[in-house]
Amino acid sequence: GCGQSSNNSAGSTAASNSPGGTVSSTPAKSSLTIGVDNGSPTFQDNFNPFAPGNRIGTSYIYEPLFFVNNINGKVTPWLGTNYTWQNNKTLVVTVRSGVQWNDGKPFSAADVAFTFNYLKKYPALDSQGLWQVLSSVTASGNKVTFKFKNPNVPTFYSIASTVIVPKHIWSTITDPTKQMMPNPVGTGPYMVGNFTPEQYTLKKNPTYWQADKVNVQTLVFPVLGNNQTAALKLSSGQWDWATLFLPNVQKTFVSKDPQYNKYWFPAGGVVSLALNLTKAPFNDVQFRQALAYGINKQEIAKQAEDGYVNVASQTGLILPGQSKWLDPSIPNKGVYSYNLQKAKQMLAQAGYKTNSSGQLLDKSGKPISFSIEVPNGWSDWIQTAQIIQSNLKQLGISVNVATPQYGAYSSSLSTGQFEGALMGFGGQASPFQAYNSLVNSQFALPVGQSTSQNQERFKDPSVDQVLANWQQSTNQATQQKDAYQVEQAVFNQVPVIALFYGATWSEFSTKKFTGWPSASDPYAPPAPYGQPPLMIFTHLQPRS
Amino acid sequence: MTDNVKQQSPIQIVWRNKKARIGIVILTLFVLMALFGPLLAPYSVTNTSFAPAQGPTAAHWLGTTQSGQDVFTQLLYGARVSMFVGFVSGGIVILVALVVGFVAGYFGGMVDDILSLVMNIMLVLPGLPLMILIAAYIPHHGIGEIIFVMSLTGWAFGGRTLRAQMLTLSRQDYVLSARFAGENPFRIIFREILPNMLSYIIANFFGAVTGAVLAEAGLEFLGLGNPSITSWGTMIYWAQNGDALLNGQWAWIIAPGLCIALLASSMTLINFGIDTVANPRLQED
Amino acid sequence: MNQSRGTAQTVATKDSTLAARPDRMLRLEHVSKVYTNRDRSTVAASHVNFTVEPGKIVALIGESGSGKTTLARLITGIERPTNGRITFGNWDVTNLRPRQLRSYRKHVQMVFQDPFSALNPQNTVLYSIVRPLRKHLGMSEAEARKRAMEIMETVRLTPVEQFVHKKPHQLSGGQRQRLVIARAIAPEPDLIVADEPVSMLDVSIRADVLELINEIRRTRNMSVIYITHDMLSARVLADEVLVLYRGHIVEQGDSEEVLQNPQHPYTRLLFASVPNPFERSASGTRKGDGEGEVADVTPPKIAATTLRTGVGCPFAPRCPYVMDQCMTSVPALAGSEAHQTACFWKE
Amino acid sequence: MRYFARKIGFLILTVWIAVTLNFIIPRLMPGNPAQAMMAKYAQQGPVSPEQEKALELMLGLPTGSLWSQYWKYLIDIVHGNFGISYSYFPQTVSSVIMHALPWTLVLVGMVTILQFVVGTLLGVYAAWNRGKKFDSTATVLLSFTSAFPYFWLALALIYFFGFIHRWFPISGGYSGNLTPSMTPAFWGSAIYHSILPALTIFITGVGGSLLGMRNNMINTLGEEYILLARAGGLKNRTIALRYAARNAMLPIVTNFAMALGMVVGGSLLMETVFAYPGMGYLLATAVSNQDYPLLQTLFLFITISVLLANFVADIVAGLLDPRLRKGATR
Amino acid sequence: MLQVKDLSVTYRARRGPGVAAVRGVDFEIPDSTFVGLVGESGCGKSTLGFAIAALLDERRNTVRGHVLLDGVDLYQLSPDQLRALRWSKLSVVLQGGMNAFNPVLRLKHQFMDVMKAHAKLSKAEMTKRIAQLLAAVELDPAVMESYPHELSGGMKQRAAIALALVLEPRLVILDEPTTALDVVVQRSIVTMLSQLQHRLRFSVLFVSHDLGLVLEVAQRVMVMYAGQIVEDKPADLIIDEAHHPYTKALLGCYANPRATRVSLTGIPGTPPDLREHLHGCPFAPRCTQRMDICETEAPRLLPLKDGSVACHLYTHKEVPAR
Ligand SMILES: Nc1ncnc2c1ncn2[C@@H]1O[C@H](COP(=O)(O)OP(=O)(O)OP(=O)(O)O)[C@@H](O)[C@H]1O
Ligand SMILES: Nc1ncnc2c1ncn2[C@@H]1O[C@H](COP(=O)(O)OP(=O)(O)OP(=O)(O)O)[C@@H](O)[C@H]1O
Ligand SMILES: [Mg+2]
Ligand SMILES: [Mg+2]
């Protein structure tokens with residue numbers, strides 16, 4: 001018998017409402033309606049943490065060893081209470097005691113070791129590629145020991161965020177990706193309540209290890225619908241928490257209930273223009289720098305992103321969250337401010353001429369033109385590309401905006417068969433991860449071979465060297481020094497042209513609960529997906 | 001024995017039809033809009049410097065887009081692309097339909113059987129889903145690709161009617177007479193048969209254009225078109241991506257849709273008139 | 001199988017001044033045509049033999065479906081016979097390639113039954129006549145125009161200037177049929193096949209058109225195959241008559257001979273069916289009241305269509321004089337040269 | 001019998017062609033459709049060759065020669081095995097479709113029939129009262145509404161009746177807190193949610209039915225047997241319905257194919273706007289999710305539904321028109 | 001029984017003059033009489049037939065004058081009265097094309113529809129009556145179960161005649177019932193029709209362009225030219241005593257098969273355009289006996305000893321003015 005009470009609460013919502021039913025704008029006091037799970041387009045009853053296409057609610061049920069705040073890199077003990085590097089190839093994590101799985105069975109270090117070894121057994125589950133680095137994971141007592149093939153300190157973040165599954169359930173599952181999991185067993189604050197393809201609820205786990213901190217009894221996840229209707233629903237106050245791009249959020253959301261309706265859109269990654277560095281003239285640093293000056297990032301941030309985001313630092317760091325990593329010697333926090341004149345000058349200096357009709361010519365005398373690929377339907381990116389198109393026209397470069405389906409976009413990027421493309425990177429807890437995947441030449445495979453990282457195919461042995469150093473070091477100061485060097489390289493050599501910080505969209509209502517993360521208290525990104533909710537739900541307090 | 005009813009020219013017959021007259025007037029307006037839109041437009045279509053997401057004002061009759069473009073200007077420019085796509089696809093559709101219809105209708109036999117089968121199959125394959133399927137796989141979505149998809153999925157209907165018409169006409173004694181006069185097949189088709197099915201061709205052309213205009217809008221709306229061109233379809237796409245309704249910018253959405261509807265229905269109305277050429281029973285009293 | 005019915009018959013000429021010119025002689029030898037549809041086949045012509053001499057008018061008479069049009073289409077090369085041979089002078093009509101067919105048609109033209117559908121509504125009178133002149137006689141446009149106007153005079157589309165730019169819908173039925181004829185005679189053919197050229201016209205115009213055909217034949221010395229179901233007009237126009245029944249020639253000969261003295265029961269039936277206004281003034285009574293000659297012949301019954309072809313006389317199921325012999329073998333044409341009948345029954 | 005045999009033959013042939021198209025189109029296009037899915041996973045971290053293999057196995061990517069793939073594909077389809085949906089992984093495509101199918105079938109089916117019946121009756125009425133006020137108003141007005149882009153009308157309806165006035169829900173097929181079941185509450189909710197979608201199809205579709213019927217009816221009214229029926233002193237109603245309308249219907253029933261193709265396309269756009277849990281919305285999301293197996297199978301299902309509807313229409317036409325039954329005129 | 005008084009029909013045109021297809025026609029048809037109506041194509045025969053049957057679409061044409069059936073003017077009746085009167089008193093048979101019957105109903109049902117519209121009969125009674133009628137037109141009664149397309153043209157025309165007789169009307173109007181048929185079939189149908197008429201004693205208005213055919217079957221012949229009746233005579237007398245030059249000219253278009261070979265003569269010229277107002281005698285331009293008065297004054301239909309004629313030749317010579 002599961003969750004009769006929460007079913008009722010959801011049920012009463014419907015009964016008390018207008019005949020439409022979906023208009024569940026005023027759910028019971030202790031519940032929150034969250035507009036985040038989109039379905040495809042309806043829900044399937046799967047809370048398997050390893051399966052693609054599982055429910056967003058899955059991450060409210062399974063927990064990681066540590067909570068890593070990607071905004072500032074702060075690590076909070078979760079199922080693990082503490083970790084130590086015995087040397088740069090051995091990590092020991094102490095596991096929390098007194099935690100129960102929500103089926104009543106006790107949680108232990110054995111579950112942790114089982115989880116990691118399970119990923120080894122089923123490589124399809126190892127989406128972070130942990131076992132390319134790890135050599136063994138063993139449990140003894142309340143400690144779990146991770147041994148590495150090579151020193152790779154930043155892998156800690158991947159280990160920290162891996163969710164732990166119960167051995168007593170999963171040891172019998174032999175095809176984990178295909179396992180439907182309607183009643184998942186996890187350690188997290190919530191368990192599955194009521195489920196229909198259009199809406200499901202999560203109810204509070206009464207035996208949760210920090211149950212006293214969790215005040216929201218029920219979570220309701222209605223199907224999002226398309227962007228259009230989702231925005232209308234959010235605007236009309238049907239949801240308490242959502243993650244949508246809303247134009248003119250002040251007017252369309254906040255003003256509908258100014259006392260309670262809040263939003264916070266912190267930066268979550270860098271959106272950049274990637275140019276294929278294996279091709280001329282993109283392989284010319286000066287050309288790239290000129291372009292960086294010639295693109296009006298300010299206008300993009302304002303027009304394409306409604307001014308919700310900031311222009312990105314060319315260092316690739318996400319500021320201000322990662323400002324402690326920023327090399328103070330880099331001017332203007334690493335932003336190439338828009339300067340058409342300077343761009344033209346630089347191009348001329350580098351030997352690019354224009355013809356009589358104002359077209360910029362490459363070294364062989366052909367007019368320069370290239371296309372920028374943007375995934376179909378990513379409308380803000382398409383707009384970004386359109387602005388770049390008109391910016392570069394000023395330089396005499398003709399740009400064609402191509403909008404292939406995501407698959408085609410992604411495959412031309414990974415095989416290096418593109419000219420220009422918009423690309424996101426970064427947003428992880430440690431800048432190392434961002435830099436490694438952006439510029440490590442190990443990933444810069446020849447054109448035609450598929451790679452998921454360094455798709456612009458940047459190669460610089462000195463940068464590789466620094467990255468290797470950084471990877472091996474457990475020392476904060478060394479890491480800082482290495483970071484400065486990489487920053488300088490990325491800033492000067494412009495492997496990709498950073499445009500703006502992709503935002504984490506988050507709108508919420510403080511009508512029923514307060515204590516949401518904010519710019520002044522960024523204890524977690526405000527996202528209702530991934531691991532932040534675990535943190536957020538221990539902070540929310542009922543409004544008195 | 002004299003055929004006492006004085007014949008009117010087809011154009012007169014069409015024009016005499018009240019509905020067709022309304023349609024012709026509307027269509028003419030749109031053609032003028034497409035031709036001279038850029039001259040009439042108050043602003044440049046690439047100008048993105050206006051205050052974004054505004055409702056209709058004196059300066060911006062239909063408001064501005066979320067990225068600060070003038071909606072009215074876009075509407076005028078959009079007429080070009082929408083009508084270009086519509087008319088070119090319509091033209092290609094009719095061309096293909098004519099060729100296939102002619103080949104099938106004129107040669108008959110096995111050729112006809114096979115082509116008819118292909119047409120019948122194309123007819124039952126649902127158009128828009130097929131377009132989506134193809135568009136989903138095509139890597140690039142220029143105007144050319146859209147026109148290609150539209151033509152590929154649209155020719156069968158015209159092909160079938162034109163084939164039937166061709167079949168009827170090529171069985172007419174005057175075609176046989178032309179053969180006795182020593183005319184070659186080419187001339188028979190173009191000089192003897194084609195002029196007599198002109199009204200069918202035009203009606204089918206308008207039908208195909210209507211279909212293409214609507215289908216283009218549908219594809220663009222689904223984001224399967226080319227959002228960087230300005231057509232009425234992309235306007236609605238951007239309007240809905242820019243949450244126009246949420247911002248109360250109803251004009252941004254209503255205007256292009258209304259234009260599509262008016263353009264499409266103008267052609268439907270004209271076809272009322274054209275139908276009466278081929279079928280006098282449909283003539284108004 | 002059907003044994004030979006003798007070789008091609010040359011219908012006797014009455015007018016010896018028109019000597020036979022073999023290079024313009026149409027000859028059909030054992031011509032058969034079977035149409036095969038999905039589920040049944042129709043014998044539209046069966047072992048048809050005849051010749052048409054230059055300058056002669058030969059009438060093909062028969063009720064609907066007897067195969068008249070089929071023969072016309074075979075002779076003009078629109079279709080090919082299933083069996084047999086058609087020759088016109090040196091042409092082997094049965095094996096013409098498209099290019100040859102086009103030049104064949106300089107010599108053999110057709111006049112269609114329905115002058116309304118045989119003229120393209122878009123084309124002017126002049127254009128219709130100019131085209132065959134240009135294509136078949138290779139005339140220049142100017143020559144062709146001049147010639148076309150002369151031809152219009154011949155067919156009495158006069159005054160010519162008034163007609164040249166008219167389109168078919170501006171012409172009366174009779175005028176249209178004249179135009180169709182003008183078109184057909186333009187390339188100066190040797191043979192015209194006229195498939196019921198007047199059946200769609202009012203009686204008041206028919207005589208004129210028939211007279212025109214006759215006149216042209218006389219002045220241009222063409223042969224004409226005149227197809228009709230109307231015996232009286234055949235009698236007016238034709239020198240020779242062939243009576244067709246279900247693809248078979250059942251009676252043939254000199255037109256006066258055959259029509260004054262029909263031998264075959266089918267010819268008699270046809271003859272009796274012709275409305276005859278003069279009949280009543282003679283007898284003074286309405287036909288329907290009494291027996292009359294019509295009662296001699298049974299009207300066609302539906303059963304007739306189910307007859308299996310090839311066995312027995314095709315007319316047997318409807319024949320009032322049917323004998324056992326008729327059911328088992330096909331009668332051959334026999335009689336004098338001027339009048340032959342394919343029937344076992346003799347009066 | 002021959003008539004039906006040929007229809008069935010055509011049905012099978014067309015299904016085969018649709019199936020084959022589904023097989024060919026993805027293979028003609030650049031890139032492996034499954035790459036899209038792999039690339040998506042790969043975003044989260046480097047993909048080792050083993051992982052790629054695992055993913056391929058997981059997604060069931062095709063292997064072997066083209067012919068053997070085609071064979072396997074055909075055999076799979078005969079067994080109703082359409083593969084696994086990427087976006088609903090690990091659910092099979094067929095089970096996903098089975099959830100969506102009823103919604104479209106019921107909504108679109110009902111409204112199409114309703115629209116067809118109403119439009120046809122109005123067409124009969126307009127033709128019978130040809131040239132009168134109703135006729136001229138209705139034809140012009142409805143040729144205008146039938147030119148509305150479906151999605152545009154849907155957006156307008158949502159805006160005015162869902163957002164401004166809040167009379168109707170703006171998305172979904174039923175209230176999320178109700179479990180799909182045969183209860184009155186659920187049905188009530190489902191009907192309530194279907195009103196705006198239904199209105200969209202109805203408004204844009206009814207014009208076509210009216211105009212088509214009106215034209216045919218006018219033609220039929222000119223036939224001799226109508227004159228004879230009038231001379232026979234039959235009642236106007238009998239003449240209009242039993243003599244004229246019934247015959248005027250015949251070409252419409254036969255042309256159902258085209259009409260249905262349009263409705264399917266239209267309902268697809270409509271569903272997308274209303275986030276209605278049917279086949280159309282599923283198809284649109286399958287496109288954006290790059291869920292090619294689902295996309296293809298949806299196309300196949302839609303084609304087969306259209307074909308079946310056509311088949312039924314043909315049979316109905318055969319029943320209505322004795323000339324077709326014998327295969328005499330065709 | 002049927003009286004047509006000064007009947008005129010004009011097909012209205014949207015612009016310009018309409019087609020005055022019937023121009024002031026007067027005649028009577030007594031009981032049990034077989035009347036033929038002949039004339040060239042387009043002279044208004046069908047229009048006259050339809051006007052008598054009150055079948056013309058009133059929205060598209062103007063009908064003036066009176067059609068009295070047993071003293072009741074059809075054009076004064078309400079639609080319901082007219083409907084009741086239809087078929088029970090007056091029925092029509094149209095050209096024997098594909099279209100005279102509803103293609104999707106069995107013949108039986110089409111017969112029954114008509115019967116039901118006028119009388120309450122049981123199914124069995126109706127079936128019996130249909131069978132009788134089909135037998136009367138020399139068709140197998142089983143034919144009633146067929147659909148129209150299963151019948152040949154001749155069979156269909158017989159069935160149409162049977163349908164016309166189903167309510168035992170006083171008058172049957174046949175508009176070119178045999179034109180689409182072959183001579184042999186035409187003959188047998190006409191024969192059958194005339195026998196039926198004789199037996200059942202209804203009146204017939206037989207419209208045809210074939211004077212030869214009409215003369216054979218009709219008791220009385222009306223010759224129509226340019227919307228007017230120019231001669232009306234017992235059939236027996238026409239050949240020998242035709243008065244109107246047009247009638248004579250028409251007769252000249254027929255050859256006598258029994259007589260020796262003759263050449264035929266057509267009638268030169270074409271009928272007038274019915275859209276125009278006609279001055280004088282419409283036949284004048286084609287008439288070989290034209291007089292001056294013919295150009296200016298329209299002749300009226302005047303009674304002769306047997307029948308009547310509209311020609312100045314007689315107005316001025318033989319027939320004394322009244
Ligand atoms: N293309 C065809 N396919 C099948 N059967 C045909 C075809 N053309 C003619 N027939 C059949 O051949 C027979 C002879 O037809 P044909 O047209 O030659 O007759 P006809 O004497 O010209 O008749 P009518 O007087 O009606 O014109 C008919 O039974 C007809 O149905
Ligand atoms: N619906 C109509 N509208 C206008 N004019 C018409 C219409 N029907 C017939 N007419 C004209 O009226 C005149 C008489 O036509 P009607 O059909 O009565 O002639 P008809 O004597 O029956 O000829 P046919 O022998 O060809 O059937 C013709 O000139 C014809 O063009
Ligand atoms: Mg014929
Ligand atoms: Mg008539």
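Quick note on labels: first sequence line is chain A, next is B, and so on, each numbered from 1.
For chain D, the nearby parts of A/Pro197 are the backbone and the side chain; heavy atoms of each come within less than 4.5 Å. In this structure, the portions of D/Leu282 lying under 4.5 Å from any heavy atom of chain A include both its backbone and its side chain. Within the 4.5 angstrom heavy-atom criterion, only side-chain atoms of A/Ser235, from C-beta onward, approach chain D. Of the two parts of A/Gln44, the backbone and the side chain both hold a non-hydrogen atom closer than 4.5 Å to a non-hydrogen atom of chain D. Within the 4.5 angstrom heavy-atom criterion, only backbone atoms of D/Thr272 (N, CA, C, O) approach chain A. For D/Val96, no part lies near chain A; criterion is any non-hydrogen pair under 4.5 Å. For a residue to count as touching a neighbouring chain, one of its non-hydrogen atoms must lie under 4.5 Å from one of that chain's; by this rule A/Ser437 does not touch chain D. There is no contact between A/Asp175 and chain D, counting heavy-atom distances below 4.5 Å.
Considering CZ of D/Phe161 and CG of D/Leu199, their distance stands at 7.5 Å, rounded to 0.5 Å.
Under the 6.0 Å cut-off for aromatic ring centres, D/Tyr88 and A/Phe43 do not qualify, their centroids lying 6.0 Å or more apart. Aromatic ring centroids of A/Phe50 and A/Tyr122 lie 6.0 Å or more apart. Checked against the 6.0 Å centroid criterion, the rings of D/Tyr174 and D/Phe186 qualify as a close aromatic pair.
Most heavy-atom pairs under 4.5 Å with chain D: of the set A/Gly39, A/Gly225, A/Pro41, this distinction falls to A/Pro41. In terms of non-hydrogen atom pairs under 4.5 Å with chain D, the most contact-rich of A/Gln433, A/Gln428, A/Met180 is A/Met180. Contact tally against chain A (heavy-atom pairs below 4.5 Å) for D/Tyr276, D/Tyr281, D/Tyr159: the top residue is D/Tyr281.
Side-chain contact between D/Met279 and D/Leu101: present, with at least one pair of heavy atoms (C-beta onward) separated by less than 4.5 Å.
Looking at D/Asp291 and D/Ser85, their side chains do bring a donor and an acceptor atom within 3.5 Å of each other. Side chains of A/Thr196 and A/Glu198: a donor-acceptor N/O pair is absent below 3.5 angstrom, by distance only. In the model, A/Glu373 has a side-chain atom that pairs as donor or acceptor with a side-chain atom of A/Ser412 under 3.5 Å.
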